[in-house]
Amino acid sequence: MTEQTLPHTPGEQTVPADPPTGAPPRGRRLLRAVARWSLVAAVAGGIGIGTHLFVTAQDRTDLPGLATRSDGRWEFPTQRLPALPADAMRPAHPRNPAGIHHADLRDLLVTAPGSAEPDAKLTGDWTPASAYLAEYAKGDRRELGNTLHEFALRHAASRAWTMPDGTEARVHLLRFPSSGLTDLYRDEGLDFGSTTGASLAHAEETSIDKQWTSRGVPDTTSVYAYEEPAPFGDDGVQTRVAYIVAGDTLGMVVHEKKGGADRVPFHQTVVLQTQLLS
């Protein structure tokens, strides 16, 4: 299929973080870093040669929806990588040290399955920081909002949908001025390790998704996948969440479903979103 022409990207602008700005609380200790990153080694993105060749062979072209099989995968449409401006380098290119995505952030959002009911608010367009911050417990939103402001969040885009089986899916992409600032937000804002760090709005506890593998994930990105262990709280809804770190952009994929969110379509969504950010 032919590549789509990239629409004009709006000028750089900072998305208002909604909570009051100012110096964020710093209750993070540096000594936690060593333990934290040793714990996430099991989920940090790595990939074998075969998958790497598969991804690089599809340079700026179409990505299949990770073909639907009887294992519960969703029927995603073909995901199209947007065309890049002339002479623009991909985020992992040696001549792009800041890891900049030159494509419109909205064009990098995974497209919902054909059977999904689109969300009326998170439509794949630009969103305020409050849409992303709503994923977290109220007590953490102000600190995270301040951190987004400190690290100069440029803009955010989000898409959400609901599947016929009741699964609610949400994807947020946050773009920072450079990969270094993305990493700082990951470390000092989210501070995740054996859990998601910042408390989620709909999951009191989270743990590493031990069945997550990096198959299909480009080796230029990192994925950190978590799940809410049973029991799933008073409402019986399980939350699954994954963070994707890719150059100047941080992605968040959330699946929620009463009785348990299926692992296979969650992993499928994460892989497709990661490939779009590579």
Side-chain angles (χ1 to χ4, degrees), residues 1-7 9 40-41 43-67 73-74 76-112 124 154-159 169 171-183 185-186 209 212-225 241-254 265-278:
M1 303 181 71
T2 58
E3 299 177 347
Q4 293 185 331
T5 302
L6 178 67
T9 301
V40 300
V43 293
I47 191 63
I49 294 175
T51 302
H52 174 74
L53 292 175
F54 168 78
V55 174
T56 55
Q58 301 186 72
D59 189 18
R60 316 320 300 172
T61 182
D62 296 343
L63 294 170
L66 300 185
R73 298 186 187 194
W74 290 345
F76 278 94
T78 297
Q79 305 293 314
R80 292 177 174 83
L81 289 165
L84 294 178
D87 301 323
M89 303 297 175
R90 297 175 70 175
H93 195 281
R95 287 191 287 166
N96 186 1
I100 302 299
H101 284 85
H102 292 285
D104 189 308
L105 190 65
R106 296 168 294 181
D107 293 335
L108 297 176
L109 277 166
V110 64
T111 302
R154 289 181 55 198
H155 41 238
S158 305
R159 171 171 284 129
V171 182
H172 306 278
L173 299 184
L174 310 179
R175 175 168 288 170
F176 295 87
S178 69
S179 58
L181 289 170
T182 306
D183 291 344
Y185 178 68
R186 173 193 63 191
D209 182 350
W212 165 259
T213 68
S214 56
R215 180 188 302 175
V217 175
D219 57 6
T220 56
T221 63
S222 298
V223 176
Y224 310 86
V241 60
Y243 292 105
I244 303 166
V245 180
D248 65 349
T249 300
L250 182 135
M252 182 184 193
V253 176
V254 181
F266 172 67
H267 288 182
Q268 181 190 18
T269 307
V270 174
V271 169
L272 284 171
Q273 183 58 75
T274 305
Q275 291 180 349
L276 286 165
L277 290 173
S278 64

query: So, for Val270 and Ala242, which heavy atoms are closest and what is the spacing to 0.1 Å?
result: CG2-CB, 3.7 Å

field: From NE2 (His267) to OG1 (Thr213), nearest 0.5 Å
entry: 7.5 Å

Under 3.5 Å, which donor-acceptor pairs do the side chains of residues 245-254 form with other protein atoms, sequence neighbours left out?
| from | atom 1 | to | atom 2 | distance (Å) |
| --- | --- | --- | --- | --- |
| Asp248 | OD1 | His101 | N | 3.4 |
| Asp248 | OD1 | His101 | ND1 | 2.6 |
| Asp248 | OD2 | His101 | N | 3.2 |
| Thr249 | OG1 | His101 | ND1 | 3.4 |

- request: Taking the side chain as every heavy atom from C-beta outward, state whether Leu108 and Pro82 have any atom pair closer than 4.5 Å.
  value: yes

message: What's the separation between atom OG in Ser158 and atom CG in Leu173, rounded to the nearest 0.5 Å?
response: 7.5 Å

- request: Indicate yes or no: at least one non-hydrogen side-chain atom of Phe176 is less than 4.5 angstrom from one of Asp183.
  value: no

task: Over all heavy atoms of both residues, which pair between Leu174 and Ala156 is shortest? Give the atoms and the distance, please.
output: CD2-CB, 3.6 Å

- prompt: Which value, rounded to the nearest 0.5 Å, describes the distance between Arg175 atom CZ and Asp104 atom CG?
  reply: 7.5 Å

- request: Please name all residues satisfying side-chain contact (heavy atoms from CB on, under 4.5 Å) with Pro177, sequence neighbours left out, ordered by chain then number.
  value: Ala152, Arg154, Leu181

message: Determine whether a donor-acceptor pair (N or O, by modelled atom type, separation under 3.5 Å) exists between the side chain of Asn96 and the backbone of Met89.
response: yes

- prompt: Looking at residues at least two apart in the chain, or sitting in another chain, which of them share a side-chain contact (heavy atoms from CB on, under 4.5 Å) with Ala92?
  reply: Thr220

- request: Hey, could you give me the CG/OG distance between Asp219 and Ser278, rounded to the nearest 0.5 Å?
  value: 9.5 Å

- prompt: So, do Trp212 and Val217 sit near enough that their side-chain heavy atoms are less than 4.5 Å apart?
  reply: yes

task: Indicate yes or no: at least one non-hydrogen side-chain atom of Tyr243 is less than 4.5 angstrom from one of Arg186.
output: no

query: Taking only residues two or more places apart in sequence or in another chain, which ones pass side-chain contact (heavy atoms from CB on, under 4.5 Å) with Thr111?
result: Pro77, Gln79, Arg159

query: Which heavy-atom pair separates Ala112 from Phe76 by the least distance, and what is that distance?
result: C-CD2, 4.3 Å

statement: To the nearest 0.5 Å, atom CG of Leu109 lies from atom CG of Leu277 at 8.5 Å

